Amino acid sequence: MSTTGSTRPTHVSAARRRTVIDALRRGAVPESGLDLLATGLDRFEAALDAELEAVASGASVFKAVRGEYGSGKTFFTRWLGERAKRRNFAVAEIQVSENETPLHRLETVYRRLTERLTTSSFPPSALRPVVDAWFYALEEDALAAGATEEELPGEVEELLVARLAEVSRHAPSFATALRGYRAALAAGDEATAAAVLAWLGGQPHVAASARRAAGVRGDLDHFGALGFLQGLLTVLRDSGHAGLFVVLDEVETLQRVRSDARDKALNALRQLIDEVHSGRFPGLYLVITGTPAFYDGQQGVQRLAPLAQRLATDFTTDPRFDNPRAVQIRLPGFDQESLVGLGVTIRDLYAAGAAASERIGAVVDDAYVADLARAVGGALGGKVGVAPRLFLKKLVGDVLDRVDQFDDFDPRQHYRLTVASRELTDVERNLASGTSSADDVDLEL
């Protein structure tokens, strides 16, 4: 990601700044405030915003993001999720994994989606507020149509049937569960209402008594999950949301699972893409992330020819001419210049809220930021592209915090970069193995 063309807000609240800085100090991607850090994403903005607008108008979009480890895939999808949330989308980020969220079990993917569902007003899980807002909207529509208080329950039932008519063709139990939830609330039975809503969110092992009360049976299965997703989109739209933005992150982990599970997962992904493109899910913006090896290798997408055809994108040209409207887009990752630019951005953001802001700018000047970036890249075998996480963690936690708290701390005199194996990810550790010690990396000060 280039550091040119940044358009960050001029005024930043203390809370937003703290959220971002605290996450970087932990070596994590911030959950929010990513517009403060976004640099070089201008070339994607117009196309992605147009797609979000199309989804808000009833279309559906599938997007595949490719990039090496450390190229900023998680940052990119969270940045795009923030843009979606500002347009009143609901958002869910799901980590694909063999044990916790296997992609070939769509019922589990749907469950994780409802657990991670968030809106601009509610943190995860926002499923209950969304459902409650939907029933409120149905009541308002019924009253606006002239229903009296006595007629209201019956009119709401008619609206429920009408709004979920298409959904009920594929998953009739979705509407049944919503009726059961509302009936339990009306009866003052909070325990049953919560249990029915959990079942609606795909949770297994819901008490049989609650399922009987709602008139539903069994647990959600692979095929029912698609119908429930369709129902959730209808509820979101009718409760005032523009759509649903979903990220399936780290899909490349499919390459490490058993071959039978991998084949099922790839076919499930192909099925999802086809359903999105068929128009079954109006209001859905679905994004997956993966490494080039996943998209191009024989243990990934290329293993299933129909899936490879759907994701095929030409990346033979200069990255400057990549088409952001294509089904697959690539993140080129960081080089030394862009890493330094990001470090300068973080330093300035930190300094703007620090007591020693002037001293931070003087002691941690651009030259020092460049030297630290070079040293961290060297500690990772010269692979600058995977250095951002560790570089920002060191910059904030080891350098900026100390300059801010200790008047006599000078990183050129009192700090020497150290990188312990325990603070590295597996990818970073493999790259760092080419260097015997971080002490072997010279800071050119």
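Given the structure is predicted, the values throughout are model-derived calculations rather than measurements.
Taking 4.5 Å as the limit, every side-chain heavy atom of Phe281 sits out of range of all side-chain heavy atoms of Leu286. You'll find the side chain of Leu113 reaches within 4.5 Å of the side chain of Leu244, heavy atoms only. Between Asp322 and Phe44, the closest side-chain pair of non-hydrogen atoms is not below 4.5 Å. In this structure, the side chains of Arg16 and Asp35 come closer than 4.5 Å at one or more pairs of heavy atoms.
When atom types are taken as modelled, the side chain of Arg347 and the backbone of Val364 share a donor-acceptor pair closer than 3.5 angstrom. Under a 3.5 Å cut-off, the side chain of Lys63 and the backbone N or O of Ala326 do form a donor-acceptor pair. For Arg78 (side chain) and Val29 (main-chain N/O), a donor-acceptor pair under 3.5 Å exists by modelled atom type. Remark: the backbone N or O of Val257 is paired with a side-chain donor or acceptor of Arg262 at under 3.5 angstrom. Of the possible polar contacts, none joining the Ser239 side chain to the Ala133 backbone as a donor-acceptor pair under 3.5 Å is found. At distances below 3.5 Å, at least one donor-acceptor pair connects side-chain atoms of Thr234 with backbone N or O atoms of Gln230.
Counting only N and O atoms by type, the side chains of Thr74 and Asp249 include a donor and acceptor under 3.5 Å apart. Between the side chains of Asp348 and Thr345, no donor-acceptor pair is found at a separation under 3.5 Å. Looking at Tyr181 and Asp132, their side chains do bring a donor and an acceptor atom within 3.5 Å of each other. With 3.5 Å as the limit, one finds no donor-acceptor pair spanning the side chains of Gln328 and Tyr295. Residues Ser97 and Asn99 have side chains that never bring a donor and an acceptor to within less than 3.5 angstrom of each other.
Paired with Asp263 under the rule salt bridge (charged side-chain N to carboxylate O under 4.0 Å, His left out), one option of Arg258, Arg303, Arg270 passes, and it is Arg303.
Between Phe62 and Tyr285, the ring centre distance reaches or exceeds 6.0 Å. Under the 6.0 Å cut-off for aromatic ring centres, Trp199 and Phe228 qualify, their centroids lying closer than that.
Here salt bridge (Lys or Arg N to Asp or Glu O under 4.0 Å) pairs that include residues 113-123, with residues two or more places apart or in two chains, are Arg112-Glu115.
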Worksheet entry | Intermediate values then yes/no, salt bridge (charged side-chain N to carboxylate O under 4.0 Å, His left out), Asp296 and Arg66 | CA-CA 10 Å; Asp296 302 335; Arg66 68 186 274 145; 2.7 Å; yes
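The two residues Gly283 and Val55 come nearest to each other via the heavy atoms C-CG1, 3.3 Å.
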